[in-house]
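What's counted below: heavy atoms across the whole structure, side chains too, no hydrogens, waters or symmetry copies.
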Amino acid sequence: MIESNLNKDLERKIDLYINGKLSEEQVDELWAELVQNEYYLDYTKSVANLKQVILDRRKADELPATYRLRKVASYGVAAAIAIIIGVIGVLNYTASNGPAELDALAWIEYDTYRSSNDSPAITNNEVIKTAIRLANDGNTEEAIGLLEKEISEVSDTEEIALLSLSLGSIQYNYGNYSDALESFSNVITKNDINKLILEKGYWYLANTYVQLEKLPEAEQALQNTIELDGQYSRVAESYLNAINKVR
């Protein structure tokens, strides 16, 4: 994991929050920290989703195959908070009424907030930003077409990877998992790209494989994520353990 992102005290408070062990005042203080720390905001969502996955798979033997519990997602920091609160509500419900069915990430957050040398996977690329605005407005096909056209016209390897990452995210969010699989696979074939971009490619690829119920392939993608030892290595390892427990 990236050393600069480590904050054991904040991680401990997040774990307590996920398990419902913080007071209302402590929760308010925690969110005041999280809205200023994009890394740990994402970490909190990942931990909440992980706990959901562990609980989810066990329900497969208890409920009809047609039953499926899905999380609702939206955009921005305020929406991210709502997502996590909603997930925790589900976790509290399943803790007392039994777990739900296996699910991967319900929504991939779009990385257009800022750009820096430390976070090249968060881009100010105008084509990507335009495509995401189109997708958010419901013009999904136009957004996909714009990104596909740009990918066919650029030659820079890292730029292709970033465009493919955004294309796959839009496809994933709108349920086009087979197409998303192809896009994320395009990212991980670019071995000379920044490690953070490559890691996101493997992490999103793993979730896509889970959506397609291809667990052996998901396990390999998770292992590749872990080996990169970055932002998603911890949650990827937990996902891998969860898959091994329920198979």
Side-chain angles (χ1 to χ4, degrees), residues 42 45-46 48-50 52-57 59-60 63-75 79 83 86-87 90 100-112 121 128 131-132 134-152 160-190 197-226 232 235-236 238-240 242-244 246-247:
D42 190 57
K45 289 185 288 183
S46 296
N49 188 69
L50 164 64
Q52 180 70 18
V53 167
I54 294 172
L55 292 174
D56 278 353
R57 188 56 177 175
K59 192 62 175 180
L63 292 177
T66 54
Y67 179 86
R68 192 166 187 82
L69 178 63
R70 304 291 300 205
K71 295 182 289 294
V72 177
S74 186
Y75 316 100
I83 294 169
V87 170
V90 171
E101 186 186 346
L102 176 65
D103 206 358
L105 289 175
W107 188 272
I108 295 176
E109 293 294 324
Y110 298 132
D111 295 328
T112 59
I128 292 176
I132 290 173
L134 287 168
N136 287 344
D137 290 338
N139 300 312
T140 309
E141 293 302 321
E142 187 177 351
I144 290 172
L146 178 63
L147 289 170
E148 289 177 336
K149 181 176 182 294
E150 187 71 6
I151 289 171
S152 69
I160 291 172
L162 276 172
L163 289 162
S164 298
L165 199 63
S166 296
L167 175 60
S169 298
I170 292 173
Q171 292 165 330
Y172 183 103
N173 288 343
Y174 287 88
N176 301 329
Y177 300 123
S178 295
D179 291 340
L181 184 68
E182 183 177 347
S183 296
F184 294 138
S185 296
N186 192 34
V187 175
I188 66 169
T189 60
K190 315 299 183 188
I197 301 173
L198 184 62
E199 183 194 16
K200 281 200 169 187
Y202 276 119
W203 171 239
Y204 294 156
L205 181 66
N207 279 273
T208 306
Y209 276 130
V210 173
Q211 292 283 12
L212 293 170
E213 300 183 358
K214 296 183 176 182
L215 294 187
E217 292 87 348
E219 288 179 287
Q220 183 58 58
L222 288 168
Q223 186 60 50
N224 291 131
T225 306
I226 293 167
Y232 296 101
V235 69
S238 299
Y239 266 57
L240 189 59
I243 289 175
N244 290 333
V246 300
R247 291 191 65 186

Point to revise | Approximate separation, where rounding is to 0.5 Å, of Y172 OH and I108 CD1 | key: 5.5 Å

Review point. Around E217, counting heavy atoms of other residues, nucleotides and ligands shown, do more than 12 lie under 6.0 Å from its CD?
Key: yes

Exercise for review: Verify whether one side chain among Y209 and Q220 offers a donor that lies under 3.5 Å from an acceptor in the other.
Suggested key: no

Exercise for review: Please check if the side chain of Q171 supplies one atom and the backbone of S178 the other of a donor-acceptor pair under 3.5 Å.
Suggested key: no

Check your understanding: Does the Y174 side chain pair with the main chain of A135, one donor and one acceptor, at a distance under 3.5 Å?
Key -> yes

Exercise for review: Write down the atom of L240, the atom of I226, and the distance for their closest heavy-atom approach.
Suggested key: CD2-CD1, 3.9 Å

Practice item. Could you tell me which non-hydrogen atom of L146 sits nearest to which non-hydrogen atom of A131, and how far apart they are? Key: CD2-N, 3.9 Å

Review point. Counting N and O atoms only, with roles assigned by atom type, does the side chain of S152 sit under 3.5 Å from a partner on the main chain of K149, one being a donor and the other an acceptor?
Key: yes

Review point. At what distance, to the nearest 0.5 angstrom, does CD of E141 lie from CG of L134?
Key: 11.5 Å

Point to revise | Donor on one side chain, acceptor on other, N136 and Y110, under 3.5 Å | key: no

Point to revise | Result of checking I188, N224, V187 against L205 for side chain to side chain contact (heavy atoms under 4.5 Å, CB included) | key: I188

**Study point:** Spacing of CD1 belonging to I170 relative to OG belonging to S183, to within rounding of 0.5 Å
**Key:** 9.5 Å

Practice item. Identify the heavy atoms of A218 and A206 that sit nearest to each other, and give their distance. Key: CB-O, 3.7 Å

Point to revise | For L147 against S166, the heavy-atom pair lying closest together | key: CD1-C, 4.0 Å

Revision key, fill the gap. Rounded to the nearest 0.5 Å, the CH2 atom of W203 sits from the CG atom of L222 at a distance of 6.5 Å

Review point. Taking atom CG of L198 and atom NZ of K200, what is their separation to the nearest 0.5 Å?
Key: 13.0 Å

Review point. How long is the gap from CG on L167 to CG on N186, to the nearest 0.5 Å?
Key: 9.0 Å

